[in-house]
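Notes follow once the structure below has been shown.
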There are 2 protein chains.
Amino acid sequence: MDKVTSLEVAKRAGVSQSAVSRVFTPGASASNKTILKVREAAQELGYRPNVLARSLITGKSRIIGLVVAYLDNYFYPLALEKLSNYLQSEGYHVLIFMATNDTLSTDQVIDELLDYQVEGIITASVGLSSDLTARCEAAGVPVVLFNRSQDAANHSAVTSNNFSGGKSVAEFFLAAGHKRIGYIGGWEGASTQREREAGFRSALAEAGEALAAHALGQFTVEGAKKAARQMFGESDHPDAVFVATDHMAFAVMDVLRGELNLHIPNDVSVVGYDDVPPASWAAYDLSTVRQRADVMVKETVTLMIEKIRNPASAPRHIKIDSPLIVRSSAKIPEGWTS
Amino acid sequence: MDKVTSLEVAKRAGVSQSAVSRVFTPGASASNKTILKVREAAQELGYRPNVLARSLITGKSRIIGLVVAYLDNYFYPLALEKLSNYLQSEGYHVLIFMATNDTLSTDQVIDELLDYQVEGIITASVGLSSDLTARCEAAGVPVVLFNRSQDAANHSAVTSNNFSGGKSVAEFFLAAGHKRIGYIGGWEGASTQREREAGFRSALAEAGEALAAHALGQFTVEGAKKAARQMFGESDHPDAVFVATDHMAFAVMDVLRGELNLHIPNDVSVVGYDDVPPASWAAYDLSTVRQRADVMVKETVTLMIEKIRNPASAPRHIKIDSPLIVRSSAKIPEGWTS
DNA sequence: GTAGGGGAAGAGCGGTGGCTCTCCCCCAGG
DNA sequence: CCTGGGGGAGAGCCACCGCTCTTCCCCTAC
């Protein structure tokens, strides 16, 4: 019933097996007559080349491994969708692996990935041990980090410009006249968290201001709620807060409005980061820094393909500009443009 | 630098290549001494078996193809995450394909999937042409539909019990005393849409009521908004509406509250379907029918594995009970329990 | 006659698995 | 006690999975 091989097609078409192979290999030459005969026989038998067998000999699996940690932040599914589409259009396919965020499981997951002879690995919001990096390097498998960077290691990475993104939020708050400014971050292990905070603090410092309150929400809804309750529980609470991801910002807004009876933006301005779809929904209408997933994905794939074609190419860290999207969750400075 | 083969390991360990193979094959026998020598040599060389080569001869790729259409409904990323995790724990890996919702591209996508010698195909919210079904059948690749069913074809499928889910929403509305009841659906091609509506209508009919308003939102935010504006633009608008997915329900709520100044649930009761995370966020607090993704995934994988082990096993359609989750977006009937 | 296009043949790619062969252990018989 | 034969575990050999690619050869066209 199953498994039609090129040999059977060859027999039926009355040619050699290698002729069949040539017909199905893009760069190869065959006479029109042979092509016709072979295609017809293949059609009749329902033959399609076995990609696995092909990749065994060519050494190219056309598979890209993708390692993802959280899918609960809406940004990642969206990125995944675009990534998969884009790679598909380039003739690659995506083998997906979920990783919890401890290094142990990540390492194991990447080992399994390597077993599948993937041509490259893209990790989304996942850190890599240097040991692992070495193994990928040794196996000649390029790695590109998506939305995460690592200083020490020589990986390629694509992120939004988190530092300048954080900075622009601070400038926005300052221009609106806010004085008590808070920050609710994610998790110290994440480069995105660190850089957003650093950019935010740096712009405050330039203006001679300092952070009035600081907390970490671990990128979770519960963590963010807890941070918000603590930061806004007292009467001298901040009048503006930058939350490191939209996902957490929604939770913060829910606490401010639903539990603490604070009005947004009159009592508190809230700004997030990511610009996931719910940020534009009327119930939140969240001002936020937009991570342009499409651009990030495009750069990631480009970088990946470049490294596959030329393994010696130097690792690069690409930072995508991330514009501030102004909506109604934060006080808008007089005469604010752009 | 790369590509350590079993032969090299064999040389270093001073054994035959097949001995190396045996050490890395679960069921095979080898002496402790050999195992030790081989493991050591493999360690030193960084050897891992080539899964592709293995699957070429065993005929088992341990790859499951996953076809997904929309990742913009939050339900799917969540399901995908669980699915991938669960399959991983069973020793399978997921090759992911995005499909737009026309049959043409789906067919092409599945062809490519078949090229990778996948052992099974799971489609999430995607319909299959019968021609395609036949080809999968012919190739001996089982197909399981996730969150979609197809009457005619003999596929296995796992869905929530959409009919009874829709029914329970109608009963809930009726118990609360609603008289003008509307429905905003998805897209007629989707079995989920049809069954939810059928269940909803059937419970109304049993009570001697009929649908006061009906519209389709195509499962998109824009479509749902348009439907809502149209349905609630006049003064004799419905006082309760069932929206076929949470995703659309949020958009409907935004329009009702933000554009039409209607109060929820005083002026209009809204109930959704899915129970995605934002449904429990305070800004929406949406009453909805819960699709238990974890149970659905578990059943899907179980079914898949059963069909892989025993290709002759009869196709089954498993329906998962879906409870109504009562929150504040709809009037709660007096003395309502469960 | 020579050049060149295109088909056939065969050697792998990195493994697996059946078959054979060896070696060792154990037991029975002299 | 020593020796020989039977049996089983474990290692080696080799064919093969389905395809690509190089080499070689043939046939055609100029």
Side-chain angles (χ1 to χ4, degrees), chain A residues 1-39 41-42 45-63 112 114-119 139-141, chain B residues 1-39 41-42 45-63 112 114-119 139-141:
Chain A
M1 59 173 202
D2 51 0
K3 303 292 125 150
V4 187
T5 74
S6 59
L7 190 63
E8 299 172 44
V9 177
K11 271 188 196 147
R12 190 184 191 94
V15 298
S16 77
Q17 181 265 339
S18 23
V20 177
S21 167
R22 248 177 279 117
V23 170
F24 283 94
T25 308
S29 78
S31 68
N32 283 336
K33 213 167 53 180
T34 309
I35 292 180
L36 226 65
K37 279 194 295 185
V38 168
R39 286 223 179 281
L45 264 42
Y47 169 78
R48 309 206 96 224
N50 181 330
V51 180
L52 264 37
R54 170 182 292 172
S55 60
L56 183 58
I57 192 151
T58 59
K60 321 216 142 299
S61 62
R62 311 241 61 164
I63 298 177
E112 293 183 37
L114 255 22
D115 291 350
Y116 275 95
Q117 312 299 110
V118 294
E119 289 190 52
V141 176
Chain B
M1 60 173 200
D2 50 1
K3 304 292 128 148
V4 186
T5 75
S6 58
L7 192 61
E8 299 171 44
V9 176
K11 271 187 195 149
R12 190 183 190 95
V15 299
S16 76
Q17 183 266 338
S18 22
V20 176
S21 167
R22 251 179 252 117
V23 170
F24 284 94
T25 307
S29 78
S31 67
N32 283 336
K33 214 168 51 181
T34 309
I35 292 181
L36 227 65
K37 277 194 296 183
V38 169
R39 286 224 179 282
L45 264 43
Y47 169 78
R48 310 205 95 223
N50 181 331
V51 179
L52 263 38
R54 171 182 292 169
S55 60
L56 182 58
I57 193 152
T58 59
K60 321 214 144 296
S61 63
R62 310 240 62 163
I63 298 178
E112 293 183 37
L114 254 24
D115 291 350
Y116 275 95
Q117 312 298 112
V118 294
E119 290 190 53
V141 176

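Chain naming here is simple, since letters A, B, ... match the order of the sequence lines and numbering starts at 1 in each. Bear in mind the structure is a predicted one, so any value in this text is a computation, not a measurement.
Note: B/S31 OG to B/K37 NZ = 7.5 Å, rounded to the nearest 0.5 Å. In this structure, CD on B/E112 lies 11.0 Å from CZ on A/R62, to the nearest 0.5 angstrom. Within the model, atoms NZ of A/K60 and CD of A/Q117 stand 11.5 Å from one another, a figure rounded to the nearest 0.5 Å. One finds the CG atom of B/L52 at 9.0 Å from the CG atom of A/N50 (value rounded to the nearest 0.5 Å).
Applying the salt bridge (charged side-chain N to carboxylate O under 4.0 Å, His left out) rule to B/R48 yields the partners A/D115; only residues at least two apart in sequence or on another chain are considered.
With hydrogens and angles ignored, the 3.5 Å screen pairs a side-chain donor or acceptor of B/E119 with a backbone N or O of B/S61.
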When every nucleotide of nucleotides 5-18 of chain C is labelled 5' to 3' by its protein contacts under 4.0 Å (heavy atoms), B for base, S for sugar-phosphate only, - for none, what sequence of letters results?
-SBBBB-BBBBBBB
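A cation-pi arrangement is present between A/R39 and A/F24 under the rule of less than 6.0 angstrom and at most 45 degrees off the ring axis.
Fit an axis to the five pairs at each end of the helix from C/dG1-D/dC30 to C/dG30-D/dC1 and the two axes sit 50° apart, to the nearest 10 degrees.
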